[in-house]
Amino acid sequence: MEAIYRFPSAHQPIRSISFPTRIHTSSQRIDALLNHLKPHHTRFLSSTICLEAEKIQSDLVVLAELYNCMEELFHSPQTKQALLRYQDGKLVEEALCDSVTMLDACGSARDFLLVLREHMQTLQSAVRRRRRDLSIESSISAYDSFKKKAKKEIAKQLGKLKRMQNKVNSFSIMDQDQQLTFLARVLREASTITISILRSLLLLLSMPALGTKGSSTISKLKAKTLFSSLRKHKNTNGVVDLNTALCYLLGREKKSDSNGEYQRVIRVIETLNVNIDGLEGGLDCIFRCLVQNRVSFLNMLAH
């Protein structure tokens, strides 16, 4: 049986929308993406819980789609007029200021991942060759030194993101214009979610250093505890698992099953390499989105 489509009669009231059809569609998609990301990232924004690499990767993909939809919205003449109408473009200026902080954090995270990949290649080569302990220990020591230096820069970036979040939280609009209120909310929530995702990634990269100096007895005891944890639990955080595996290599004793342990370490490194690939790809997309977003705002102020 054919479906019967009923159209509204001439006397039936039809609710109007403030956006044109194309822009309204973008706004609906933006709301859907925000609602998908908000529950998780508003809850853990001030938490020290470290998310899994796979979760951060998937959220970066959704965030990139969100920025693409926002870009479509910003190209509408109605949107430009609404944004520039509020206090001579204050919303646009705030967004431009925030974009600098987010681009800086994004760039730093990309740099950390690039250096981390280089250390993974060196570690993987040393473990596979197994040319005595000195080769492995030298590679581990270099990796540990990198993490200690990176931790300071990461703390600096986390501080900047926290200050930006405080500013975003304090910003509010007292205006009756629904279109302007919607745009302000989108900008505020998108910034909050971006901060949370970048913060999660930086926390992932700032896992505690191994502490290669100190008592060899303590290193062995730590290694036994940590590596037993690695054996029992599924790998969910590549950086944590690598720290655990490397602690084992630093404090290991001569065992007959050492070949199997070396293979476990190699698998952890390979898993982390896959995670690095995914995170780098996601960060590249977000970096380009933030740059395009910034260009759009600059163009608004230029006209």
Side-chain angles (χ1 to χ4, degrees), residues 48 50-54 56 108-158 200-280 283:
T48 56
C50 188
L51 299 179
E52 298 176 9
E54 291 81 1
I56 298 174
S108 293
R110 291 200 306 175
D111 291 343
F112 294 142
L113 286 170
L114 179 63
V115 179
L116 181 59
R117 178 191 294 281
E118 294 173 354
H119 280 285
M120 291 307 97
Q121 293 172 348
T122 302
L123 284 167
Q124 191 172 34
S125 177
V127 173
R128 280 178 171 166
R129 289 197 311 269
R130 279 182 281 176
R131 291 172 54 187
R132 298 183 178 274
D133 292 343
L134 291 180
S135 176
I136 295 176
E137 289 181 6
S138 175
S139 300
I140 293 176
S141 178
Y143 164 72
D144 200 33
S145 177
F146 153 69
K147 286 190 65 61
K148 290 175 182 176
K149 292 178 181 178
K151 197 173 182 67
K152 295 180 180 179
E153 177 61 24
I154 289 173
K156 178 181 175 182
Q157 292 297 333
L158 289 172
S200 296
L201 176 55
L202 290 170
L203 284 173
L204 176 72
L205 295 173
S206 66
M207 288 286 88
L210 302 175
T212 52
K213 296 180 181 180
S215 169
S216 60
T217 303
I218 294 176
S219 295
K220 290 180 180 181
L221 290 174
K222 286 174 62 179
K224 290 179 180 179
T225 303
L226 290 169
F227 205 72
S228 65
S229 174
L230 175 62
R231 283 173 163 175
K232 292 178 182 178
H233 300 288
K234 180 181 178 182
N235 295 350
T236 57
N237 185 326
V239 179
V240 173
D241 293 342
L242 180 64
N243 278 8
T244 305
L246 294 182
C247 277
Y248 168 79
L249 288 182
L250 281 175
R252 71 189 187 284
E253 298 174 350
K254 302 299 182 182
K255 294 183 179 180
S256 59
D257 66 342
S258 60
N259 183 62
E261 308 298 1
Y262 275 111
Q263 292 305 314
R264 287 188 179 91
V265 174
I266 290 174
R267 285 197 295 271
V268 169
I269 294 175
E270 290 173 344
T271 299
L272 185 54
N273 277 330
V274 172
N275 289 338
I276 292 174
D277 285 340
L279 292 170
E280 282 183 329
L283 276 177

| said: Once salt bridge (Lys or Arg N to Asp or Glu O under 4.0 Å) is applied, do any residues pair with E118, and if so which ones, sequence neighbours excluded? | reply: none
| remark: So CZ of F112 and CG of L201: to nearest 0.5 Å the spacing works out to 10.0 Å
| task | Supply the atom-to-atom distance Q121 CD to I269 CD1, rounded to the nearest 0.5 angstrom. | result | 11.0 Å
| said: Using a strict threshold of under 4.0 Å (side-chain N to carboxylate O), is an ion pair present between K148 and E153? | reply: no
| message | Whether the side chain of S145 engages the backbone of S141 through a donor-acceptor N/O pair (distance < 3.5 Å, no angle test) should be reported. | response | no
| Less than 4.5 Å apart, any side-chain heavy atom of Q124 and any of N273? | yes
| task | Any chance you could lay out the side chain to side chain contact (heavy atoms under 4.5 Å, CB included) test for I276 and L114, step after step, and finish with the verdict? | result | CA-CA 8 Å; I276 292 174; L114 179 63; over 6 Å; no
| said: Quick one, E280 and R117 - any side-chain contact, counting heavy atoms below 4.5 Å? | reply: yes
| Rounded to the nearest 0.5 Å, how far apart are CG of L113 and CE of M120? | 11.0 Å
| query | Hey, what's the ring geometry for H119 with Y143, parallel, tilted or perpendicular (30° and 60° as the breaks)? | reply | perpendicular
| message | Once side chain to side chain contact (heavy atoms under 4.5 Å, CB included) is applied, do any residues pair with D111, and if so which ones, sequence neighbours excluded? | response | none
| remark: Rounded to the nearest 0.5 angstrom, the CG-CD distance for N275 and E52 is 9.5 Å
| task | Rounded to the nearest 0.5 Å, what's the gap from CD1 on I56 to CD on E54? Could you check? | result | 9.0 Å
| said: How long is the straight-line distance from CD1 of I154 back to CG of L204, given to the nearest 0.5 Å? | reply: 9.0 Å
| So, the side chain of K156 versus the backbone of K151: is there a donor-acceptor pair under 3.5 Å, distance only? | no
| query | Looking only at atom types and distance, does a side-chain atom of S125 sit under 3.5 Å from a main-chain N or O of T122, one as donor and one as acceptor? | reply | no
